[in-house]
Amino acid sequence: MNILKKTNTFFQYRFGPLLILVLLLCAISLLTRILLLAFSASSFEWNIINILKVFLVGSLYDLAAASYAIIPLLVYLWVFPSKWYSKKLNKILLIAYFFVVVFTLIFNAISEWFFWEEFSVRYNFIAVDYLVYTTEVIGNIRQSYPINTILIILFIVSALITYLLKEKILASATVPMRFAKRSKLLLLFLLAPLASSFLVSHNWKNQSRNQFVNELSGNGMYDFGFAFWHNQLDYNTFYKTISLKKAIKIISKNLSFEPINLNGYSTLRNIKAASPEKKMNVILISVESLSAEFLGSFGNTQGITPNLDSLAKKGLLFTNLYASGTRTVRGLEALSLCIPPTPGQSIVKRPNNKNLFTLGNVFRSKGYNSRFIYGGYGYFDNMNEFFSQDGYEVTDRNALNKKDIHYENTWGVADEDLFTLSLTKLDQDYNIGKPFFAHIMTVSNHRPYTYPEGRIDIPSHTGREGAVKYTDYAIGKFINDAKLKPWFKNTLFVIVADHCASSAGKVELPVDKYHIPMIIYSPAYIKPGKFDKLVAQIDIGPSILGLLNFNYQSKFFGQDVFKMKDEQQRAFISTYQSLGYIKNNKLVILDPNKKVATSIPNFKTGNAKPVPSENWLTEEAIANYQTAAYLYTKNGYQFK
């Protein structure tokens, strides 16, 4: 009773509304955590310690988020004199402010739900990135969810909650307080965000082997702020290191090359083929979100990839290939730069990414026209700037007339229209006698999963399976159209995913969520078969160049898998901060705070069993990631 009485008394002080704001934020955060826990119950590792961790550690992050959220209201309550504070206008402003606060908090909770449904994590780099591209993101939300209905309900609920809190909110408006006393309290309350900044660690939540436990222990608003301020991570500061000399030695040994040491540490070496070069055209299709599990070739029984399955039987199917990351920019980075993923933001979106050592630049040096063709607007994820500065001629949806577009959504034109545009550009290259390398990036296999009606037997906007089948249809149509072209027989088609459709798992890096398909198809040159060795996404570029018998100087971290020895098999998987290295059926994970962990992953379920780390394997992982980060930051990955 005494606590309740003191709490009611506090509402009558000038800074009483601060308590209301803190209680609102913590209550809605708690409810959000409970709902997300219920949604993820089957993947959560249930025991009393994990439950306590989720709610106790989570409440600390809730309070940390609240300490920052109170600052605008704190300043308002401090700055105005008592005469103004008792006026009617101030009361209206306070009520309006709290309505906005309630609306924002509930809107954020709903957004977290949708984000969790898509990615099974709290806000992270992806959420920060999405704020930059509001047109695409808002369009995607509108096309995926009944947003108008949600906003109307949200408006009504926020108004009702604000009305119920009205007396508490206005209780402080009748109590005068001198400026000196207000200032002392201001300084006292400002200690809360100051303490949060210096004492609260983002890593408190990352203490469980179960990733859902870790994520549910966080707070979305706090995590968003952390991701916003830490969108780049300096490798040497946050990760375990070895000497650069030793790192280069390890890499050169693993890739069986003698480095050409020019002005310091480098992966530069000579690639020489035993046979004459082939001036074949190359079409690299990176397919949006195409998990291996979607294909019948990998056991899927839904029949949603008949064209890809047919091509897999006629071409070379890679059965053990792993994507570098969980987003398109990571796939584009791996396919163009052939470099392990560096912590933080993808190089595609970073500054100082001009004239890098890319697959496009190598082809261009051989007299090819190198193209990047994208079905959306190329400003998204910095694609236009990156590719145009790194050896590619860029074409996006702006090149299409409205009459040539059968369908479009917020992400781009239908894949069939993208392929029609691509054929036009490739014909232009052929007609002027230029061999071409074209990297084509699809968009249709993405929420809201919409596409032209009448193409497949699954209606548009009904889910992922329909989008996969439509993309499969568009690829099949493209190959059939290409067969009619004079350049078809001399063309190598490479079809590969940029990343998987989902990245959620019980562990930090679930390997099954990085398993992607690849098909190399060229009836005159490639014999049907399967390639079962472990392959990294960064190996695709060097392997294509190897098939063409190119002689060149390489800086790629990727290798020609057709020439690699069994002991050279390895793969790289990552999030923006967890860096994974797969070798010998083990997974080494490098994390901030110089953490290293090793496990034996289950490649079908994604689960992993922790095992003691082996020094040689850990050093191999460090060597690749540390050197990749070093060469990028020191301009050692330039194309010259």
Side-chain angles (χ1 to χ4, degrees), residues 114 117-120 136-137 139-147 149 285-315 317 323 326 328 331 374-376 397 400 404-423 440-482 493 495-504 512-513 515-519 521:
F114 290 141
E117 184 183 35
E118 183 79 8
F119 301 106
S120 294
E136 285 80 4
V137 174
N140 180 43
I141 292 170
R142 286 189 172 279
Q143 293 168 4
S144 302
Y145 305 103
I147 191 66
T149 302
I285 303 172
S286 53
V287 185
E288 173 69 44
S289 305
L290 186 68
S291 305
E293 64 183 3
F294 292 147
L295 274 67
S297 304
F298 291 89
N300 189 292
T301 59
Q302 296 173 292
I304 54 178
T305 57
N307 292 290
L308 289 171
D309 291 329
S310 175
L311 289 171
K313 293 176 182 177
K314 297 173 183 176
L317 174 66
T326 59
T328 295
Y374 177 54
R397 69 191 286 181
L400 282 166
D404 297 323
I405 298 175
H406 290 88
Y407 186 87
E408 60 184 324
N409 61 26
T410 188
W411 294 113
V413 300
D415 285 349
E416 63 188 84
D417 298 326
L418 165 67
F419 287 128
T420 299
L421 173 62
S422 300
L423 288 171
I440 303 171
M441 179 70 224
T442 73
V443 298
S444 290
N445 185 26
H446 195 295
R447 191 183 293 276
Y449 313 130
T450 56
Y451 41 85
E453 296 287 0
R455 273 42 171 191
I456 58 172
D457 57 359
I458 302 176
S460 174
H461 213 314
T462 55
R464 173 74 72 178
E465 289 75 16
V468 171
K469 192 164 188 177
Y470 171 72
T471 291
D472 175 85
Y473 157 83
I475 291 173
K477 181 177 183 299
F478 172 66
I479 296 295
N480 288 331
D481 290 342
F493 294 85
I495 304 168
V496 64
D498 60 346
H499 58 85
C500 284
S502 169
S503 59
D512 62 318
K513 301 303 183 181
H515 187 206
I516 58 174
M518 182 169 75
I519 301 165
Y521 173 72

Legend entry - From OH (Tyr521) to CG (Leu311), nearest 0.5 Å: 6.0 Å
Legend entry - Inter- and intrachain pairs under salt bridge (Lys or Arg N to Asp or Glu O under 4.0 Å), touching residues 410-423, at least two apart: Glu416-Arg455
Legend entry - Where Ser502 and Ser291 come nearest, the two heavy atoms and their spacing: N-OG, 4.5 Å
Legend entry - Exercise: identify the closest heavy-atom pair between Thr328 and His499: N-CD2, 3.3 Å
Legend entry - Thr450 and Asn409: side chain donor to acceptor below 3.5 Å: yes
Inset, instruction - Would you check, one step at a time, whether the test ring pair (Phe, Tyr, Trp, His ring centres under 6.0 Å) holds for His515 with Phe298? - result: CA-CA 10 Å; His515 187 206; Phe298 291 89; 5.3 Å; yes
Inset, instruction - Enter the distance from Ser289:OG to Ile516:CD1 here, rounded to the nearest 0.5 Å. - result: 11.0 Å
Inset, instruction - List the atom of Gly296, the atom of Thr305, and the distance in Å for their closest heavy-atom pair. - result: N-OG1, 3.4 Å
Legend entry - Nearest heavy-atom neighbours spanning His406 and Pro452: CB-CG, 4.5 Å
Inset, instruction - Answer whether the closest heavy-atom distance between the side chains of Arg464 and Asn445 falls below 4.5 Å. - result: yes
Inset, instruction - Please report the closest heavy-atom contact between Gly375 and Arg397, naming both atoms and the distance. - result: O-CB, 3.4 Å
Legend entry - Closest contact, heavy atoms only, Thr442 versus Phe419: CG2-CZ, 3.9 Å
Legend entry - side chain to side chain contact (heavy atoms under 4.5 Å, CB included) evaluation trace for Val443 with Glu288: CA-CA 6 Å; Val443 298; Glu288 173 69 44; 5.7 Å; no
Inset, instruction - Using side-chain hydrogen bond (donor to acceptor under 3.5 Å, both in side chains) as the criterion, list what pairs up with Asp457, not counting sequence neighbours. - result: Lys469
Inset, instruction - Would you mind reporting whether Val413 and Tyr407 have side-chain heavy atoms less than 4.5 Å apart? - result: no
Legend entry - Short N-O contact, Lys313 and Asp309, less than 4.0 angstrom: no
Inset, instruction - State the CD-CZ distance between Glu117 and Arg447, to the nearest 0.5 angstrom. - result: 5.5 Å
Legend entry - Candidate list Asn300, Leu290, Val468, test side chain to side chain contact (heavy atoms under 4.5 Å, CB included), partner Leu295, passing option: Leu290
Legend entry - From OG (Ser422) to OH (Tyr374), nearest 0.5 Å: 13.5 Å
Inset, instruction - Return the orientation label for the Phe493 and Phe478 ring planes: parallel under 30°, perpendicular over 60°, tilted otherwise. - result: perpendicular
Legend entry - Residues Tyr451, Ile458; criterion side chain to side chain contact (heavy atoms under 4.5 Å, CB included); working and verdict: CA-CA 10 Å; Tyr451 41 85; Ile458 302 176; 3.8 Å; yes
Legend entry - Ile304 side chain reached by Asp472 side chain, heavy atoms, under 4.5 Å: no
Legend entry - Side chains of Thr471 and Val287 in contact at under 4.5 Å (non-hydrogen atoms): yes
Inset, instruction - Answer yes or no: is there a side-chain heavy-atom contact under 4.5 Å between Thr420 and Asp404? - result: no
Inset, instruction - Determine, step by step, whether Ile495 and Met518 satisfy the side chain to side chain contact (heavy atoms under 4.5 Å, CB included) criterion, reporting the C-alpha distance in whole Å, the side-chain angles of both residues, the deciding distance to 0.1 Å, and the verdict. - result: CA-CA 5 Å; Ile495 304 168; Met518 182 169 75; over 6 Å; no
Legend entry - Donor-acceptor contact present, side-chain Trp411 to main-chain Pro448, <3.5 Å: no
Inset, instruction - First locate atom NZ of Lys477, then atom CD1 of Ile475, and finally report the distance between them rounded to the nearest 0.5 Å. - result: 13.0 Å
Legend entry - Pairwise side-chain contact, Ser286 with Ile440, heavy-atom cut-off 4.5 Å (strictly under): no
Inset, instruction - Give the C-alpha distance, both sets of side-chain angles, the deciding distance and a yes or no for side chain to side chain contact (heavy atoms under 4.5 Å, CB included) between Thr462 and Tyr449. - result: CA-CA 7 Å; Thr462 55; Tyr449 313 130; over 6 Å; no
